[in-house]
Amino acid sequence: MASVSSQPQFRYTQPPSKVLHLRNLPWECTEEELIELGKPFGKVVNTKCNVGANRNQAFIEFADLNQAIAMISYYASSSEPAQVRGKTVYLQYSNRQEIVNNKTSADVAGNVLLVTIEGADARLVSIDVLHLVFSAFGFVHKITTFEKTAGFQVYKFNSAPLWFLLMGSSTSKHEFVLYLCQALVQFSDSETASAAKNALDGRSIPRYLLPEHLGPCTLRITFSAHTDLSVKFQSHRSRDYTNPYLPVASSAIDGSGQFSMGFDGRKVEPESNVLLASIENMQYAVTLDVLHMVFSAFGPIQKIAMFDKNGGVQALIQYPDVQTAVVAKEALEGHCIYDGGFCKLHISYSRHTDLSIKVNNDRSRDYTSPVLSSQPSVLGQQPVPIPGPSTHQFEGAQYAPPSDQQVMHQPSAGWATSAAAAGAPPPPPQSMPMQQHNHPYMPPGTMPPQSVPGMMPMQTQTGLPQSAAMPPYSH
DNA sequence: AGCACA
């Protein structure tokens, strides 16, 4: 008794409203069907369909309250119930006075599409590929691309039909997108844009349009509220295909031609047979021979050149082929030559393909040229001093690591030191065990297999292979 | 079959 009166939402009569609440509608009832139903009683100014958990409720808003009253009154006394597609629908005044249509621009057809490119390699999709894809549906006027951080994105598949999930949508439930690669694609009219949207939304960019190594890139398309994009320059970010005389942004000019342009004008580093290795947190001297040993685990090394840059040491390592370099890069990137996060390698592809080694010495070597004059007076003689403000000098076998303070002040090569974040143990105590002091190059606990997984060849307990002191290639 | 949802 009390429970009935405390449930006002179920009361039989409600205060009139020009908004009517409809329930028991057929699945996916359209706006047109709602207008058709209300039209005999007045002007329907707004509707909202597919409401509620079952999406079988709707609202109709009339221009005038009397029109809503007319409709309710009619069906209240009619022997024929209100019907949509032969299904009886139940009407009542809504408890709201107007329909709040949270219709976003994404639902309103326009001539500009908002395209989101999904996939691990979304950033590598160039604006030219997008242009090609969308040009299939009509003249593409303009394209702008941008990247948006979107936090974690969770895809809702609960309303997607099963066939959609089975048709090979590349979107994985485990894939969390931290950034969104988006583009605005402008057509001349909303009809063309709608055609492109209908055909492409949820589909993947054809593989043959993408660089070979790219994973699937899926397009999610909605309408944008834009009608005319503002493109100031032709660039890797934006294009205006209606104005070929638009100035080209200087950033779009890459004379080297070495880089392929990815999404958002991002430079994509091309693979190379020459690796550029930078050494972070270089507490211990890394010599050319050490580098040779580390990198030769993946294939023969043709040339190595070391040089100082940004207060750190970098090296170019040349393999005979790109494949070997790729494998070496993948295996070594981020790993430390020495235990404890010391001498962490950062590897990128060099733009070089063939190093020019003039002379064999402690900083450069050409292993392919036996006639190149080496300089035995330099080669393998002195330990390599650690670059930077440290004034510590190494003399013969009198190796000692720099103190912690010196290390702290040692300039890094430009990236954030991540050894600590990677769980590396703190720097070794200053009183280091010196049982290996006969090897000035190598700190204790040097190069265990786990520091560079799966590669350390011919590791001996005495630490350094013979080649480190006198490589077999040298003459 | 019973009031939207960012």
Side-chain angles (χ1 to χ4, degrees), chain A residues 1-39 41-110 112-114 116 148-160 176-178 180 182 197 201 220-226:
Chain A
M1 221 163 140
S3 64
V4 171
S5 61
S6 68
Q7 289 180 320
Q9 69 270 32
F10 291 141
R11 69 197 158 193
Y12 201 74
T13 58
Q14 292 165 282
S17 163
K18 56 185 166 64
V19 179
L20 302 184
H21 176 233
L22 288 70
R23 57 185 195 273
N24 202 37
L25 285 157
W27 166 255
E28 301 254 306
C29 169
T30 65
E31 185 175 16
E32 287 70 31
E33 288 170 311
L34 295 177
I35 294 172
E36 209 57 38
L37 190 66
K39 204 159 62 177
F41 306 96
K43 182 171 172 51
V44 177
V45 293
N46 205 353
T47 64
K48 186 172 180 66
C49 35
N50 303 320
V51 166
N54 297 326
R55 298 169 66 82
N56 59 358
Q57 300 174 43
F59 297 93
I60 296 178
E61 181 177 338
F62 284 101
D64 190 86
L65 178 65
N66 292 328
Q67 298 166 351
I69 294 173
M71 186 167 181
I72 291 292
S73 303
Y74 174 84
Y75 285 113
S77 58
S78 168
S79 55
E80 291 289 311
Q83 289 186 329
V84 171
R85 290 185 228 163
K87 196 174 185 209
T88 298
V89 301
Y90 301 91
L91 302 168
Q92 63 188 144
Y93 297 115
S94 172
N95 50 26
R96 311 238 193 147
Q97 293 305 304
E98 62 180 2
I99 291 178
V100 180
N101 238 333
N102 51 353
K103 214 179 229 181
T104 62
S105 65
D107 305 313
V108 182
V112 178
L113 298 176
L114 173 64
T116 304
K148 194 167 96 179
T149 52
F152 285 82
Q153 185 147 8
V154 180
Y155 298 105
K156 285 201 266 184
F157 277 142
N158 50 7
S159 63
F176 297 103
V177 181
L178 281 168
L180 292 176
Q182 296 195 308
K197 177 179 180 292
D201 187 20
R220 300 287 169 192
I221 305 175
T222 61
F223 291 107
S224 163
H226 290 93

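Predicted model only: the values in this text are computed from it and were never measured. Letters A, B, ... mirror the listed sequences (proteins, then strands); counts begin at 1.
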[X] [atom1] - [N] [atom2] separation (whole Å):
X	N	atom1	atom2	answer
A:Leu20	B:dC3	CG	P	15 Å
A:Ile99	B:dA6	CD1	C1'	17 Å
A:Arg23	B:dA4	CZ	P	14 Å
A:Arg96	B:dC5	CZ	C1'	8 Å
A:Glu61	B:dA4	CD	C1'	13 Å
A:Asn101	B:dA6	CG	P	14 Å
A:Glu98	B:dA4	CD	P	15 Å
A:Leu22	B:dG2	CG	P	13 Å

Do you know which two heavy atoms are closest between A:Glu61 and A:Val19, and how far apart they sit? CG-CG2, 3.9 Å
Heavy-atom pair of closest approach, residues A:Thr88 and A:Asn24: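 The answer is O-ND2, 2.9 Å.
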Nearest-neighbour nucleotide for the A:Asn95 side chain, B:dC3, B:dC5, B:dA1 considered: B:dC3
Does the B:dG2 base have a donor-acceptor partner in the side chain of A:Gln92 within less than 3.5 Å?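 Side chain to base: pair found, below 3.5 Å.
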Is it the case that more than 12 heavy atoms not belonging to A:Glu32 sit under 6.0 Å from its CD atom?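 Counting neighbours around CD of A:Glu32, more than 12 heavy atoms of other residues, nucleotides or ligands fall under 6.0 Å, so yes.
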Please check if atom NZ in A:Lys43 has more than 12 non-hydrogen atoms from other residues, nucleotides or ligands closer than 6.0 Å. no
Looking at every strand, decide which applies to A:Val19 at a 4.0 Å heavy-atom threshold: base, sugar-phosphate, or nothing. nothing
Want to settle it: does A:Asn56 or A:Asn50 sit nearer the 5' end of DNA chain B, counting the closest nucleotide to each? A:Asn56
Kindly state whether the pair A:Tyr90 / B:dG2 counts as stacked, where counting means centroids closer than 5.5 Å and planes tilted less than 30° apart. no
